[in-house]
Number of protein chains: 2
Amino acid sequence: MEVTGHISGEDVPRRSASIWDVARVAGVSQQTVSRVINGKGRVSAETRAKVLRVIEELGYRPNKLARMLAGGPVRSVTVLTSDTSLYGAAATLRGMEEAARTAGFSVGISVLEPGSGQRDVAERLNRPGEAVMVIAYDDAGVRALASLPPDVPMAAAVERRPGAEAPDPWQVWLDDRAAAAHATRYLLSLGHRTVHYVAIPSSTSDLPQRTQGWADALRAAGRPLPEPLHGGWSPRSGYLAVRPLAADPSVTAILCGNDDLALGVMRAAREAGRHIPGDLSVVGFDDSPPAAYLNPSLTTVRLDFEGLGRACFGLLHRRLDPQNAPAVPAWSEPELIVRESSAPAPGSTF
Amino acid sequence: MEVTGHISGEDVPRRSASIWDVARVAGVSQQTVSRVINGKGRVSAETRAKVLRVIEELGYRPNKLARMLAGGPVRSVTVLTSDTSLYGAAATLRGMEEAARTAGFSVGISVLEPGSGQRDVAERLNRPGEAVMVIAYDDAGVRALASLPPDVPMAAAVERRPGAEAPDPWQVWLDDRAAAAHATRYLLSLGHRTVHYVAIPSSTSDLPQRTQGWADALRAAGRPLPEPLHGGWSPRSGYLAVRPLAADPSVTAILCGNDDLALGVMRAAREAGRHIPGDLSVVGFDDSPPAAYLNPSLTTVRLDFEGLGRACFGLLHRRLDPQNAPAVPAWSEPELIVRESSAPAPGSTF
DNA sequence: CTGAAAGCGCTAACAT
DNA sequence: ATGTTAGCGCTTTCAG
């Protein structure tokens with residue numbers, strides 16, 4: 001047999017270096033290596049240099065698992081969310097991540113399945129007591145929030161629960177209700193007799209915030225309150241929800257629970273031969289990136305999801321470390337962005 | 001001082017129960033509890049029942065960290081991806097998750113920052129040797145893939161590297177090149193003299209697959225090859241990239257690197273007074289959910305990202321457990337979906 | 001400044 | 001069928 005061993009047997013370590021290997025090679029105690037890594041406790045410059053050199057040499061990387069197990073500093077958060085392809089959740093997530101990363105936290109994400117139970121949620125935590133953020137805009141998120149063990153340090157971005165008198169101090173939300181009311185009043189001000197509403201799925205058993213705001217405004221103005229239409233999250237669901245009404249000339253203004261629904265609604269209306277905004281005004285919710293480029297461009301409520309996500313992390317940070325965490329950053333209130341999809345009611349004198 | 005202690009001192013465990021607590025209360029050894037939990041080794045039905053009861057009582061939940069540290073079965077994957085708000089990445093992620101969850105793996109996600117370096121990627125792994133999937137459609141993803149330590153078991157969804165003779169067996173991809181060529185030939189067949197292209201950012205230093213496919217088709221047909229336009233990922237970037245050309249009547253067909261770009265392109269064209277598809281045909285890439293509902297609805301290349309994600313996990317699974325992992329599922333090839341945004345060239349006799 | 005010892009919660013290998 | 005013994009890789013004590 002030829003001697004080829006020394007080529008492939010190039011001293012490849014079977015398993016990556018541990019803190020002990022570094023200590024051994026550097027000729028110091030394992031504890032000293034730990035000190036160098038964490039910058040805690042005083043170590044002579046010389047020793048530190050040597051240790052760092054060996055770390056480089058061996059390609060040593062600390063094992064997070066072990067560190068956490070041993071009760072090291074937390075510095076990590078898990079975000080529980082469902083369906084990252086929805087704009088609101090994705091944008092909130094971005095805000096959370098940015099803030100967490102900036103504060104030196106590493107962030108992991110775990111996606112909730114629609115059918116996930118209580119047991120399942122607990123299962124996702126690496127260890128009891130891990131820090132968690134929840135994006136609870138839909139049913140799965142709300143359930144996850146509810147089934148989180150009470151001892152875990154957490155903060156959540158939620159749809160505000162209607163009538164919550166003493167809101168959980170570890171939750172943040174946008175004032176969807178006021179925003180929906182504002183958008184509705186805007187449409188009424190254009191001369192529309194009433195406004196129809198296509199709802200996104202509710203995260204609560206009660207009326208969702210956006211639906212309530214819409215109803216608030218209609219009631220306050222003494223206008224007829226149509227039955228809300230039930231959409232999902234997708235353009236397709238908006239299309240299907242509105243198709244039965246699309247041709248009805250008495251329907252002149254539709255508010256949608258999100259921009260994707262609005263897209264489907266506009267298509268259903270066009271297919272029914274109606275012109276937007278001439279015959280029908282459509283207003284969305286979210287101001288997602290495509291909204292400004294649609295045809296017609298979409299009047300919509302801009303929501304500061306990223307800011308909300310940053311604030312949510314701010315809350316968590318203060319909870320974990322009340323002494324040193326900076327103040328929770330503010331976020332923007334919802335704002336109506338008027339574009340091409342809304343106009344005075346047909347036949348109105350505006 | 002009044003005696004209120006027994007009210008608040010309600011025996012609340014300061015820290016959650018460990019396997020030892022269960023063992024102690026159940027009057028068995030800690031190992032027996034482990035056996036019950038994992039269903040390994042024989043335990044008498046009686047003992048098992050008692051242990052389970054105590055587990056329930058104490059609300060005991062195993063600590064994943066400790067389990068992993070101790071070398072327990074892996075059953076967990078981390079997905080590295082950048083920007084989950086892009087349709088392609090989000091859909092791939094969904095496929096990966098579904099497949100992994102189905103196979104009994106828990107999946108965590110870590111989002112790559114655009115500027116993340118080599119060191120940073122290694123940092124995200126909980127322990128050396130953790131199983132990883134990478135979604136490498138953009139620069140950050142490709143860099144992460146490259147800087148992954150060679151010993152980690154991984155699989156990746158990638159844009160195919162041009163000219164890769166021996167493709168990595170742990171990678172999956174869609175044939176973007178052929179799909180782009182097909183879409184381009186389709187436009188030429190409608191009588192367009194040539195086709196312009198708005199590119200998404202490249203993940204490689206070489207020409208991206210979609211750009212190549214487009215060029216392939218043009219060259220094969222002996223048509224002029226315009227300089228590709230460089231877009232980003234957003235509708236806005238498509239809008240900005242095309243605006244300079246939008247009014248040019250010699251531009252009658254534009255292929256876009258994704259649907260969002262196409263949205264921006266269509267708007268730029270309309271603002272320049274051009275009618276779609278009468279004056280200008282626009283074709284997208286991805287067939288994202290909104291595509292069918294746009295005005296006009298978008299002709300686009302449907303890409304099976306979810307299937308690709310499932311296949312990617314299949315690959316990883318076989319790598320981790322060649323004996324028992326099922327065959328890697330197939331995924332669909334790209335398919336051109338013709339809708340309203342494309343039509344015969346103006347003045348053509350088709 | 002540095003080292004030794006104990007233990008985080010769990011599983012795998014040996015006992016019995 | 002169950003218990004005992006080692007670690008996994010790290011961070012806290014506590015001693016020098």
Side-chain angles (χ1 to χ4, degrees), chain A residues 13-52 54-55 58-76 106 122-123 125-130 151, chain B residues 13-52 54-55 58-76 122-123 125-130:
Chain A
R14 222 72 207 97
R15 17 177 301 174
S16 48
S18 86
I19 198 171
W20 281 101
D21 301 320
V22 176
R24 194 170 31 73
V25 175
V28 298
S29 90
Q30 170 266 152
Q31 182 49 230
T32 300
V33 178
S34 173
R35 289 196 181 93
V36 170
I37 295 168
N38 300 313
K40 290 186 158 183
R42 254 154 283 290
V43 181
S44 79
E46 194 181 354
T47 310
R48 148 171 282 108
K50 181 167 51 181
V51 169
L52 286 175
V54 173
I55 285 181
L58 266 47
Y60 164 77
R61 294 180 303 104
N63 180 325
K64 269 200 200 169
L65 257 45
R67 187 181 298 205
M68 295 179 110
L69 223 208
V74 181
R75 261 51 219 126
S76 89
S106 78
E123 212 74 1
L125 276 41
N126 283 324
R127 53 149 182 207
E130 175 170 38
D151 57 320
Chain B
R14 220 73 207 94
R15 18 178 300 173
S16 47
S18 86
I19 198 171
W20 281 102
D21 301 320
V22 176
R24 194 171 30 74
V25 174
V28 299
S29 89
Q30 170 268 152
Q31 181 51 233
T32 300
V33 178
S34 172
R35 288 195 182 98
V36 170
I37 295 168
N38 300 312
K40 290 185 159 183
R42 252 155 285 287
V43 181
S44 79
E46 194 182 354
T47 311
R48 147 172 283 109
K50 181 165 51 179
V51 169
L52 287 175
V54 174
I55 285 181
L58 265 48
Y60 164 77
R61 294 182 301 104
N63 181 323
K64 269 199 198 167
L65 258 42
R67 189 184 302 213
M68 294 178 111
L69 222 208
V74 183
R75 305 268 359 108
S76 90
E123 211 75 0
L125 276 44
N126 282 324
R127 51 147 185 210
E130 175 171 37

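Every chain is numbered from 1 and lettered A, B, ... according to where its sequence line falls, protein lines coming before strand lines.
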Q) Whole Å only: how far is the NZ atom of A:K40 from the P atom of C:dG3? A) 19 Å

Q) Picking from C:dC10, D:dT11, D:dG3, which would you name as closest to the side chain of B:S29? A) D:dG3

Q: Please round to the nearest 0.5 Å and tell me the distance separating atom OG1 of B:T47 and atom CZ of B:R42.
A: 14.0 Å

Q: Report the distance from atom CE of A:M68 to atom P of D:dC10, rounded to the nearest whole Å.
A: 14 Å

**Q.** Which residue lies more 5' along DNA chain C, comparing B:N63 with B:R35 via nearest heavy atoms
**A.** B:N63

Q. Within this structure, what is the CD1-to-P distance between B:I37 and C:dG9, rounded to whole angstrom?
A. 13 Å

Q) Looking at B:S18, does any N or O in its side chain come under 4.0 Å of the phosphate oxygens OP1/OP2 on C:dC8? A) no

Q | Closest heavy-atom pair and its distance - A:S76, A:M68 | A | OG-CE, 3.1 Å

Q. C:dA13 C1' sits how many Å from B:Q30 CD, rounded?
A. 13 Å

Q.
Would the base of D:dT11 count as contacting A:Q31 through its side chain, where contact means a donor and an acceptor less than 3.5 Å apart?
A. no

**Q.** A:K50 NZ to C:dC1 C1', straight-line distance once rounded to whole Å
**A.** 13 Å

Q.
Please report the interatomic distance CG(B:N63) to CG(A:L65), rounded to the nearest 0.5 Å.
A. 8.5 Å

(Q) Would you compute the distance between atom OG of A:S34 and atom CZ of A:R67 and round it to the nearest 0.5 angstrom? (A) 8.0 Å

Q | Under 4.0 angstrom between B:T47 side-chain N/O and D:dT2 OP1 or OP2 | A | yes

**Q.** Closest listed nucleotide, where the reference is the side chain of A:T32 and the choices are C:dG3, D:dG9, C:dC10
**A.** C:dG3

Q: Starting at atom CG of B:L125, determine the distance to atom C1' of D:dG9, rounded to an integer number of angstrom.
A: 16 Å

Q: Specify the residue among B:A70 and B:G27 whose closest nucleotide of DNA chain D lies further upstream toward the 5′ end.
A: B:G27

Q) Could one point to a donor on the side chain of B:R61 or the base of C:dG9 with an acceptor on the other under 3.5 Å away? A) no

**Q.** Whole angstrom value for the distance that separates C1' of D:dT11 from CZ of A:R67
**A.** 9 Å

(Q) Output the rounded distance in Å from CG (B:L69) to P (C:dG9). (A) 12 Å

Q | Interatomic distance, B:S18 atom OG to B:R24 atom CZ [nearest 0.5 angstrom] | A | 8.0 Å

